[in-house]
2 protein chains.
Amino acid sequence: MRDREEHLLEALENLFRTRHECSCTVFSECGLSDLTVRQVAYLKIIDEQGDITFSRLAEITRNSKPTITEMINKFVRMECVYRERCPEDGRVLYIRLTDKGQKIAKAEQAALRRMIERMMDSLDDQEQELLVRILQKVR
Amino acid sequence: MRDREEHLLEALENLFRTRHECSCTVFSECGLSDLTVRQVAYLKIIDEQGDITFSRLAEITRNSKPTITEMINKFVRMECVYRERCPEDGRVLYIRLTDKGQKIAKAEQAALRRMIERMMDSLDDQEQELLVRILQKVR
DNA sequence: TATAATTAGGTAAACCCTAACTAACGGAGG
DNA sequence: CCTCCGTTAGTTAGGGTTTACCTAATTATA
């Protein structure tokens with residue numbers, strides 16, 4: 001019982017470590033290893049929201065518009081985002097992610113996917129099925 | 001096959017989300033939700049090293065001693081650490097974690113432990129054994 | 001005129017430094 | 001044995017840079 005708990009701890013620690021390593025790899029592949037947690041969060045918002053403008057991002061993040069301009073300028077310098085003018089209204093600019101920006105915004109999912117690949121590689125069909133079934137039970 | 005991958009993805013996402021929620025809970029329980037990644041890292045070093053002095057922490061983190069003094073003063077204000085004079089040498093001070101500091105330094109382990117509790121609760125003996133065995137196979 | 005974004009110019013906090021200081025230790029000479 | 005003095009641990013004073021924010025004024029388009 002105690003013993004099983006220990007083993008589970010070890011196994012999960014290993015899982016989480018692996019996943020963390022995977023997302024770090026993605027970050028350093030982009031040459032941006034020292035991104036802030038906050039910066040990554042902003043990129044994720046931009047990714048999730050789709051057609052997002054400066055005003056809207058200011059609203060969501062509860063920052064002033066100049067703050068957003070500044071932030072986006074920094075991201076542009078990092079080659080993570082670019083501006084795209086709205087064809088219907090020339091005052092409006094959309095914030096778009098570059099490939100690099102996309103990659104960072106989706107780093108965690110990518111890490112998860114890599115982990116799953118590993119799992120699929122090291123487990124046979126039956127084991128995979130079993131694992132899914134067991135994990136689904138945990139709430 | 002595709003399907004199983006999807007299920008695995010979902011199940012693992014759930015696992016990781018749960019774990020993240022657990023460590024966030026620990027942080028907000030301490031009333032220090034806006035700690036820096038760096039600050040948490042420092043608390044972990046203090047925790048791991050045991051009898052650590054200012055000079056030693058300066059050495060490990062490659063900072064000057066005044067920087068460490070400043071950092072520790074901030075932690076003292078946050079009630080995460082306190083100073084303890086060395087009984088053998090009156091010049092030396094040990095940096096000690098308070099309960100709060102301990103809690104933060106060990107937040108990740110705590111989160112993992114909570115997750116494991118959940119797992120133990122929602123799985124029977126046989127399932128637990130199986131899970132451990134399957135997870136151990138993943139490299 | 002109103003709205004979207006930018007520019008100019010500023011503040012506060014985080015995170016780092018060197019130089020100078022204080023307090024305690026510990027060995028050498030009286 | 002005790003005092004003096006160089007050494008060591010940590011602190012204080014005073015500084016710099018960067019980050020992350022702000023308001024007010026400006027530009028361009030609707």
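So that the names make sense, note that chain A is the first sequence line, chain B the second, and so on, each numbered from 1. Not measured: the values here are computed from a predicted model.
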Side chain to side chain contact (heavy atoms under 4.5 Å, CB included) assessment of B:L35 paired with B:M78
CA-CA 10 Å; B:L35 274 164; B:M78 290 177 180; 4.1 Å; yes
How about B:D121: does its CG atom have over 12 heavy atoms from other parts shown lying under 6.0 Å from it?
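More than 12 within 6.0 Å, yes.
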Should A:Y42 be listed as having a side-chain N or O under 4.0 Å from OP1 or OP2 of D:dT19?
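For D:dT19, OP1/OP2 do not have a side-chain N/O of A:Y42 under 4.0 Å.
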Sequence neighbours excluded, which residues qualify as side-chain hydrogen bond (donor to acceptor under 3.5 Å, both in side chains) partners of A:E129?
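side-chain hydrogen bond (donor to acceptor under 3.5 Å, both in side chains) check on A:E129 returns B:R4.
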Tell me whether the side-chain N/O atoms of A:T69 come closer than 4.0 Å to OP1 or OP2 in C:dA5.
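Indeed not, no polar side-chain atom of A:T69 lies that close.
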Partners of B:T36 by side-chain hydrogen bond (donor to acceptor under 3.5 Å, both in side chains), sequence neighbours excluded?
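side-chain hydrogen bond (donor to acceptor under 3.5 Å, both in side chains) list for B:T36, sorted by chain: B:Q39.
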Walk me through it: do A:M71 and A:T67 pass the test side chain to side chain contact (heavy atoms under 4.5 Å, CB included)?
CA-CA 6 Å; A:M71 202 183 76; A:T67 299; 5.5 Å; no
Those residues at least two apart in sequence (or on a different chain) that pass side-chain hydrogen bond (donor to acceptor under 3.5 Å, both in side chains) with B:T69 are none
Mind checking side chain to side chain contact (heavy atoms under 4.5 Å, CB included) for A:R85 and listing every partner two or more places apart, or none if nothing turns up?
A:L93
Just checking B:D99: does its CG atom have more than 12 heavy atoms from other residues, nucleotides or ligands closer to it than 6.0 angstrom?
no
Difference in axis direction between the ends of the helix from C:dT1-D:dA30 to C:dG30-D:dC1, five pairs, 10°
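Here the local axes at opposite ends form an angle of 10°.
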Is there a side-chain polar atom (N or O) of B:R38 under 4.0 Å from OP1 or OP2 of C:dA14?
no
Which residues satisfy the side-chain hydrogen bond (donor to acceptor under 3.5 Å, both in side chains) test with A:R91, sequence neighbours excluded?
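Result, side-chain hydrogen bond (donor to acceptor under 3.5 Å, both in side chains) vs A:R91: A:D89.
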So, with a heavy-atom separation below 4.0 Å from DNA chain D, the residues of residues 51-59 of chain B are B:T53, B:F54, B:S55
Give me the residues of residues 60-67 of chain A where at least one heavy atom lies under 4.0 Å from an atom of DNA chain D, by number, or none.
A:R62, A:N63, A:S64, A:P66, A:T67
Any salt bridge (Lys or Arg N to Asp or Glu O under 4.0 Å) involving residues 44-59 of chain B? Give me the pairs, sequence neighbours left out, ordered by first then second residue.
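Found B:K44-B:E108, B:D47-B:K106, B:D51-B:R96, B:R56-B:E59.
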Can you tell me the distance, in whole Å, between the CG atom of A:L35 and the P atom of D:dA20?
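Spelled out: CG on A:L35 to P on D:dA20 is 10 Å.
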Side chain to side chain contact (heavy atoms under 4.5 Å, CB included) partners of B:Q136, counting only residues at least two apart
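B:Q136: side chain to side chain contact (heavy atoms under 4.5 Å, CB included) contacts with A:H7, B:V132.
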Selection: residues 72-97 of chain A, any non-hydrogen atom under 4.0 Å of DNA chain D
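A:K74, A:D89, A:G90, A:R91 - these, ordered by number, are the residues of the stretch whose heavy atoms sit under 4.0 Å from the strand.
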Please identify each residue that fulfils salt bridge (Lys or Arg N to Asp or Glu O under 4.0 Å) with A:E13, with sequence neighbours left out.
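Expected list: none.
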Nearest 0.5 Å please: distance from the OG1 atom of A:T18 over to the NE2 atom of A:H20.
11.5 Å
Look at the side chain of B:E70 and the base of C:dC15, then say whether one donor and one acceptor between them are separated by less than 3.5 Å.
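Checked by distance alone, the answer is no.
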How many Å lie between CD1 on A:I68 and P on D:dC21, as a whole number?
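These atoms are roughly 8 Å apart.
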